[in-house]
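All values below come from the heavy atoms of this structure, side chains included, with hydrogens, waters and symmetry mates left out. In what follows, every chain begins at residue 1, and chains take the letters A, B, ... in the order their sequences are listed.
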There are 2 protein chains.
Amino acid sequence: MRQSRGHRNLTWNITHDLGVSIVAGEYSSGAAFPTEAELCLKFGASRSVLREAVKMLTAKGLLSARPRQGTRIESEDNWNLLDPDVLGWLLERKFSLALIREFTETRRAFEPQAAYLATQRATDVEKEGIRQALARMKAAEHGDDDPLQSDIAFHVAILKASGNRFFKQLEDLIDSALRCSIRLTNQFKGVRLASIADHGAVLEAIEAGDPDAAQVRMTKMLDEALELITEAENGNNQRLAARQAAAN
Amino acid sequence: MRQSRGHRNLTWNITHDLGVSIVAGEYSSGAAFPTEAELCLKFGASRSVLREAVKMLTAKGLLSARPRQGTRIESEDNWNLLDPDVLGWLLERKFSLALIREFTETRRAFEPQAAYLATQRATDVEKEGIRQALARMKAAEHGDDDPLQSDIAFHVAILKASGNRFFKQLEDLIDSALRCSIRLTNQFKGVRLASIADHGAVLEAIEAGDPDAAQVRMTKMLDEALELITEAENGNNQRLAARQAAAN
DNA sequence: ATAGCATATTTATCATATAATTAAGAAGGC
DNA sequence: GCCTTCTTAATTATATGATAAATATGCTAT
């Protein structure tokens, strides 16, 4: 989805490598980032390339540089978490239930209102997009489509139909996060994707022109997701406790 | 707030200039962006600088470049609207009620839930921050503080207290957008900042540990803001209609 | 017409030199 | 001793020129 942008040149590869390393905490925040020359050596590339990579990471809030002082990792507060690349890098290497929970809380804020707005503003084409996504989910039940892909498609279709540019920005983020959450689904038996019935109810409300119902239905779905994440977090804690008990 | 990052060097200035021009539509989307050499000439700077500026804009989704094909403006869908710089550039030159409305819809999604979460998670320090912001608003009523700044401080304090990293990302965006909306307040007499009573009610709910009330109160406040924006949009439309009528 | 080839244009990468910035230490005055 | 000022050195910032890689475009041969 996003690879259209980074046209896979050396600069972008190094940007990606450094970005992943930084969000994974390989360079302790606040200090100790390699100098230009050191980076050139490390990656075997020219200064132009390294400088451009550093500039891209600066643009995303991960780094800042000043003469004589060197290049520094910005405090995590300044990382542009809502940048699809940054979130993708985080999920790639620093996957954590806490991050997924926070992101799902974000979805719980956005998506119900997107559904609300979609009820009022969706064009026929956009509504058809939602219908098709639901159809894909149904097909996936019988193995004729991918369950995760079709689920993503449904939520993205709602965002698209919201007629709000900021909501549409979340498409890439949802894509990254859900694609990654599949690990969660595999890891914890209790966690499953929301049911087709729940998704269908949202579409019904939109078709019926009932914004409040659409909002409520979507909220319900995300509350369920949050519940499952909480369960998984508790499961993790129990496992940790068990491990500690075993160690004693 | 954000100037900590861009340390005001030539590269950043040119990035800013180009960014503003792009979002203002000076280069028609899809084609006709100057070549490296042309940009050097235009800005009287070296290729290094221009290349780094273009990379930063690429990182924010405004541009994409390929050999032989040249550098292109990305479709607006791909602009990282949730990047504080990009939103700032848009508001700086392309201020529109539609954008403010869409952003306020976004706030209506985020802030009520931030208030909800803050009720459960805010630390004492964070709660104190909210109290102080409200105190500043009260002081502003008597001319002892800035009304806009204190209003911004209040909303940012709630986001900070949400304990959710994604919500905290909105701080810079709110700051940019509200700082800009003051034009709206000046332009349309009907539009005013939400009352201290409304803000106080949110704080009360948080202090009382009532998340639902906090959420409802915050929603109410943003609904009022949306109403005022709608009024302003209607006013604009009427003015347009009047102008057209006068032209006939 | 179609496939393959040549060419020219643009960005991508490399290399090197110089300037600007500023932290840290040295020197000097009180 | 302590403060101020100057010097120095380290690092990024900027400039320039050269070469490589990618690829639209048009040409050629069949």
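- Within residues 13-21 of chain A, no residue is approached by DNA chain D to less than 4.0 Å at the level of any non-hydrogen atom.
- With hydrogens and angles ignored, the 3.5 Å screen pairs a side-chain donor or acceptor of Q169(B) with a backbone N or O of W79(A).
- For the helix from dA1(C)-dT30(D) to dC30(C)-dG1(D), the axis fitted to the five pairs at one end and the axis fitted to the five pairs at the other end meet at an angle of 0° (nearest 10 degrees).
- Side-chain N or O atoms of K60(A) include one that pairs as donor or acceptor with a backbone N or O of A59(B) at under 3.5 Å.
- When DNA chain D is scanned 5' to 3' for any atom under 4.0 Å from a heavy atom of chain A, the first and last hits are dA9(D) to dT14(D).
- Looking only at distances, no side-chain donor or acceptor of N78(B) sits under 3.5 Å from a matching main-chain atom of G61(B).
- By the side-chain contact (heavy atoms from CB on, under 4.5 Å) test, L99(B) is found to be paired with R165(A), F166(A), L87(B), L90(B), L91(B), S96(B), residues two or more places apart in sequence or in another chain being considered.
- Annotation for T15(A) and M56(A): closest pair OG1-CE, 3.4 Å, computed over non-hydrogen atoms.
- Residues M137(B) and F154(B) are in side-chain contact: their nearest non-hydrogen atoms beyond the backbone lie under 4.5 Å apart.
- R68(A) pairs by the side-chain hydrogen bond (donor to acceptor under 3.5 Å, both in side chains) definition with nothing, not counting sequence neighbours.
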Legend entry - Where protein sits on nucleotides 9-15 of chain C, one letter per nucleotide: B base, S sugar-phosphate only, - none, heavy atoms under 4.0 Å: BBBBBBB

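- Here the side chain of N80(B) pairs no donor or acceptor atom with the backbone of D83(B) at under 3.5 angstrom.
- When all heavy atoms are compared, the tightest approach of I130(A) to A161(A) is CD1-CB, 4.2 Å.
- S162(A) places no side-chain N or O within donor-acceptor distance of the main-chain N or O of I158(A), the cut-off being under 3.5 Å.
- With hydrogens and angles ignored, the 3.5 Å screen pairs a side-chain donor or acceptor of E38(A) with a backbone N or O of T35(A).
- A cation-pi arrangement is absent between R93(B) and W89(B), since the terminal nitrogen or guanidinium carbon is not both under 6.0 Å from the aromatic centre and inside a 45° cone about the axis.
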